[in-house]
Protein chains: 2
Amino acid sequence: MLRMTLNPRSTLVQQVISQLSEQIQAGEWPVGAKIPTEPRLVELLGVGRNTVREAVRALTHAGVLECVQGSGTYVRSTDELTGVVARKFGAAEVGHTIEVRRALEVEAARLAALRRTPEDLDRLDAALTARDAAWATGDTDIFVEADADLHVAVVAAAHNPMLAELYASVGAAIRASVAAAVGPAMRAGTHIDHGRLVAAVRDGDADRAAHEAGRFLEPPTRE
Amino acid sequence: MLRMTLNPRSTLVQQVISQLSEQIQAGEWPVGAKIPTEPRLVELLGVGRNTVREAVRALTHAGVLECVQGSGTYVRSTDELTGVVARKFGAAEVGHTIEVRRALEVEAARLAALRRTPEDLDRLDAALTARDAAWATGDTDIFVEADADLHVAVVAAAHNPMLAELYASVGAAIRASVAAAVGPAMRAGTHIDHGRLVAAVRDGDADRAAHEAGRFLEPPTRE
DNA sequence: CAGCCTAGAATCATGGGACGATTTATGGTG
DNA sequence: CACCATAAATCGTCCCATGATTCTAGGCTG
């Protein structure tokens, strides 16, 4: 049993939570995998069963784990931000979610224009090509996914992990709640040429990149 | 004891978590207040102590509650997003946090210009006046707070609760981690006239409002 | 032999009790 | 009044027992 000798700073449960989080973060138990059973964790961590249960329950509420009675406990996500955002904004209006996405994407495009590396440009080109190919297939699902990939690539090129994680969480929230309703809408605005955004990023023109990014999500009109 | 007859959808612990969250959200136990002791909650909710403890632990990990051994359990925040953001981005670089703030503020300014009500304008004027007054005092702490109030007012005028909550969470994260370090920096950029932002919002000029909002946080230069 | 169905095992959910650790309140003593 | 020791209150950890649910293996039936 690997005792937690270091960091006597906090309670045992907190230490167990940290330990489990780190092992999940490290990929020891990938998403979808089953973590050891409660009695097994008890002997692995050298703590009582209640302690294990409280830690598991905390991570379950955070969206990281999922317990299935009679089966086991599984890893649902490596990131608890997504779960919280989904729980908090799951019932949010689609329009509000779109506006938040727009806020993040515009700033991301501006930063991407300033910081993109050659690797970023390669990835952007690949995503743009894949998006065009997906468009050609006429399959809405495939296209929506390819479109999302391109936007994710833009955000990644901004080299701001905080921005990227927030964007991913918001994206997951919108997808979880109203994927079907948004699909057609996104498709309608599809004729906008994403190539101009990529070109602006390549040129390092921050203002133009931001402007192009903002065009994808229709600026709201006065109510 | 108020049995939870409705919503037999999930586990007991989840129901207790929801129950506690709702009562906290409803203001029954304000922030800083002590919630009933574990034995008291047991008889109030009609569940076992382990169930209560697991629910409390989940909310503790989420940043909503805080347990102090020997004293009691207290309400730390009504919003778990802030806690998660702080835990996840507490060690983030200040520059990255600023960029996220900028993203949210610029879009908020744009939306505020389109949606502001007369009440919003009154609040903006008041915040602007208070900010100028705070500036005149020369007290950095007071000024920083007044400055933050103005920006919060702008975000509130956007009438997008999701945007507002994200902004508040990010703001709390930056304040918790490096309040001291940011204070002087904000003060340095202070000479920028916030009155022009408020004026743009009043005029309903979205592009100008967005541009003015973006000026406060220096656009990053190429690395 | 294939398919279904039941009995058992495995696993999590809940409840209860006990003791230690820490904080707070209480009361005594100088 | 100030200080300190004791007691009470409260959370932290652990253990055990039982119920509910899911999975699995084996047998039964056609």
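Residue numbers begin at 1 in each chain, while the letters A, B, ... track the order of the sequences. FYI, side chains are in, hydrogens and waters are out, and symmetry mates aren't considered; it's all heavy atoms of this structure.
Here the side chain of A:Gln15 pairs a donor or acceptor atom with the backbone of A:Ser10 at under 3.5 angstrom. Looking at B:Arg115, its side chain does come within 3.5 Å of a backbone N or O of B:Ala158 through a donor-acceptor pair.
The pair B:Glu99-A:Arg110 fails the salt-bridge criterion, with no side-chain N (NZ, NE, NH1 or NH2) lying under 4.0 Å from an Asp/Glu carboxylate O. Look at B:Asp79 and A:Lys88 and you find a salt bridge, because one of the NZ, NE, NH1 or NH2 atoms lies within 4.0 Å of a carboxylate O, short of that distance.
Note on the helix from C:dC1-D:dG30 to C:dG30-D:dC1: angle between the axes of the first and last five pairs equals 0°, rounded to 10 degrees.
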>> Walk me through whether B:Thr117 and B:Asp120 qualify under side chain to side chain donor-acceptor pair (under 3.5 Å).
In response: CA-CA 5 Å; B:Thr117 65; B:Asp120 292 327; 3.1 Å; yes
>> As a quick check of understanding, evaluate ring-ring contact (aromatic ring centres under 6.0 Å, His included) for B:His151 and B:His194, giving each step before the final call.
In response: CA-CA 10 Å; B:His151 287 278; B:His194 284 52; 5.2 Å; yes
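Regarding A:Gln15, its CD atom lies at a distance of 11 Å from the P atom of D:dC14, rounded to whole Å. Distance OH (B:Tyr74) to P (C:dT22): 17 Å, rounded to an integer number of Å. The CG atom of B:Asn50 sits 14 Å away from the P atom of D:dC11 (whole-angstrom rounding).
Considering A:Leu41, A:Val56, A:Leu20 in turn, A:Val56 is the only one that fulfils the side-chain contact (heavy atoms from CB on, under 4.5 Å) rule with A:Thr73.
Evaluation of the salt bridge (Lys or Arg N to Asp or Glu O under 4.0 Å) rule for B:Glu66 yields B:Arg76 as partners, not counting sequence neighbours. Among residues two or more places apart in sequence or in another chain, the side-chain contact (heavy atoms from CB on, under 4.5 Å) test is passed with B:Ser71 by B:Val68, B:Tyr74.
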>> One character per nucleotide, please: for nucleotides 5-13 of chain C, 5' to 3', B when the base has a protein heavy atom closer than 4.0 Å, S when only the sugar-phosphate does, - otherwise.
In response: -----BBBB
Please list, pair by pair, any protein nitrogen or oxygen found under 3.5 Å from a nitrogen or oxygen in nucleotides 4-6 of chain D.
none

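Applying the side-chain hydrogen bond (donor to acceptor under 3.5 Å, both in side chains) test to residues at least two apart or on different chains, the pairs with a partner in residues 28-38 of chain A are A:Gln23-A:Glu28, A:Glu38-A:Arg49, A:Glu38-A:Arg53.
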